[in-house]
Protein chains: 2
Amino acid sequence: MEDGDHKDLMTIRQMCDAFDVTPRTLRFYEAKELLFPLREGQKRLFTRRDRGRLKLILRGKRFGFSLEEMRQLLDLYDRGDAQEEQLKRTYEVARERLAQMERQRDELNEAIEELKGQLEWGAEMIASFRRPAAE
Amino acid sequence: MEDGDHKDLMTIRQMCDAFDVTPRTLRFYEAKELLFPLREGQKRLFTRRDRGRLKLILRGKRFGFSLEEMRQLLDLYDRGDAQEEQLKRTYEVARERLAQMERQRDELNEAIEELKGQLEWGAEMIASFRRPAAE
DNA sequence: ACCACGCTTGACGTTAACGTAAGGGTGAAC
DNA sequence: GTTCACCCTTACGTTAACGTCAAGCGTGGT
């Protein structure tokens with residue numbers, strides 16, 4: 001315990017192991033102002049807040065949010081003055097995103113159905129090879 | 001009708017209007033060897049075959065196939081020797097793609113459900129602002 | 001003294017599918 | 001004869017989210 005205090009601070013590697021991301025990713029997120037690690041000399045030390053944000057970022061990615069969108073949302077979320085207006089905007093953005101995702105899912109389903117149709121056709125073609133010219 | 005024969009040949013603009021794509025797109029597809037328009041002087045003239053291929057390409061895009069994947073599929077389809085083997089390979093590729101799409105759809109659905117949950121939470125938060133400190 | 005390790009910054013590379021601008025030709029219409 | 005309206009080629013630009021070096025600093029251990 002000869003290092004000063006670490007209370008809740010994590011090195012870049014600990015973060016990588018904890019969240020399954022590369023160092024490059026964390027540095028990239030810092031450059032994009034999504035994370036704000038402290039410095040001990042030149043080394044980054046990630047705070048509990050950073051971990052919270054990163055968790056939200058990664059979740060957002062699963063939702064299909066871009067990093068830029070996440071930055072904006074976090075900035076709102078972050079103003080501390082989680083005033084009704086801010087919260088409502090965040091809510092609206094999320095709802096729009098949800099609508100997008102549902103549209104995307106529906107399109108995907110259409111494409112799936114269409115492709116299934118094609119596959120049946122292909123299967124028939126293949127089958128017709130098995131009984132050549134046998135009508 | 002003073003131009004020679006056009007039987008089934010279309011200029012780039014006619015193609016663009018017919019398929020709702022830009023000239024750049026058609027030239028790009030030619031460069032990628034997805035289309036093979038004839039030339040009259042320097043001008044491109046798209047054949048019926050090109051139209052058939054383009055139709056398949058655009059459909060493939062809706063399915064989420066990359067241009068490279070479509071090129072490979074078209075090349076197989078194209079060998080004329082639509083032998084069983086070739087057809088089966090095309091079929092397999094399409095089936096794999098279908099599986100991918102279904103996985104993608106399922107993930108999307110998960111994300112949608114999760115996001116819906118978050119939204120409910122957000123809605124409660126917003127509601128709590130409307131009745132401040134009124135427990 | 002010296003090595004290995006981990007961390008740092010900086011900067012170019014990657015991928016897909018085109019967009020966009022620059023520079024130039026051709027034929028028809030006015 | 002010149003202005004349109006299209007067509008062409010060449011080639012650099014775009015976007016996202018990092019990957020991949022390269023080169024250097026600091027330090028704990030032998």
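Within every chain, numbering begins at 1; the chains are lettered A, B, ... in the order of the sequence lines, protein sequences first and strands thereafter.
- What separates CG of B:L26 from C1' of D:dC7 is a distance of 13 Å, to the nearest Å.
- The distance from atom CD of A:E40 to atom C1' of C:dC7 is 12 Å, rounded to the nearest whole Å.
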List the protein contact pattern of nucleotides 9-21 of chain C with one symbol per nucleotide (5' to 3'): B for base contact, S for sugar-phosphate-only contact, - for none; contact means a heavy-atom distance under 4.0 Å.
B-B-----BBBB-
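- Partners of A:R48 under the side chain to side chain donor-acceptor pair (under 3.5 Å) rule, at least two apart in sequence or in another chain, are A:D8.
- Remark: nothing in residues 48-60 of chain B comes within less than 4.0 Å of DNA chain D through any heavy atom.
- Annotation: salt bridge (charged side-chain N to carboxylate O under 4.0 Å, His left out) contacts of A:R59 (sequence neighbours excluded): B:E114.
- Counting to the nearest Å, the P atom of D:dC18 and the CZ atom of A:R71 are 16 Å from each other.
- Within a heavy-atom distance below 4.0 Å of DNA chain D, the residues of residues 12-19 of chain B found are B:I12, B:R13.
- By the side chain to side chain donor-acceptor pair (under 3.5 Å) test, B:Q14 is found to be paired with no residue, residues two or more places apart in sequence or in another chain being considered.
- Within the 4.5 Å cutoff, the side chain of B:Y29 has no heavy atoms near those of the B:R53 side chain.
- A donor-acceptor pair is defined here as one N or O able to donate and one able to accept, closer than 3.5 Å; such a pair exists between the side chain of B:E69 and the backbone of B:S66.
- Partners of B:E68 by salt bridge (charged side-chain N to carboxylate O under 4.0 Å, His left out), not counting sequence neighbours, listed by chain and number: B:R71.
- Legend: salt bridge (Lys or Arg N to Asp or Glu O under 4.0 Å) pairs involving residues 101-112 of chain A, not counting sequence neighbours, sorted by first then second residue: A:E102-B:K116.
- Within the helix from C:dA1-D:dT30 to C:dC30-D:dG1, the inter-axis angle between the opening and closing five-pair segments is 30°, rounded to 10°.
- Remark: B:F19 engages B:M15, B:V21, B:R51, B:L54, B:K55, B:L58 in a side-chain contact (heavy atoms from CB on, under 4.5 Å) (not counting sequence neighbours).
- With DNA chain D read from its 5' end, the first of the two nearest nucleotides for A:K43 and B:K43 is the one closest to B:K43.
- Atom P of nucleotide C:dG6 and atom CG of A:L45 are separated by 17 Å, given to the nearest angstrom.
- The distance from atom CG of B:L56 to atom CZ of B:F65, rounded to the nearest 0.5 Å, is 11.0 Å.
- At distances below 3.5 Å, not a single donor-acceptor pair connects side-chain atoms of B:R39 with backbone N or O atoms of B:L45.
- Here B:R13 pairs with B:T11, B:C16, B:D17, B:P23 under the side-chain contact (heavy atoms from CB on, under 4.5 Å) rule; sequence neighbours left out.
- With sequence neighbours excluded, the residues forming a side-chain contact (heavy atoms from CB on, under 4.5 Å) with B:T47 are B:L9, B:L38, B:R49, B:D50, listed by chain and number.
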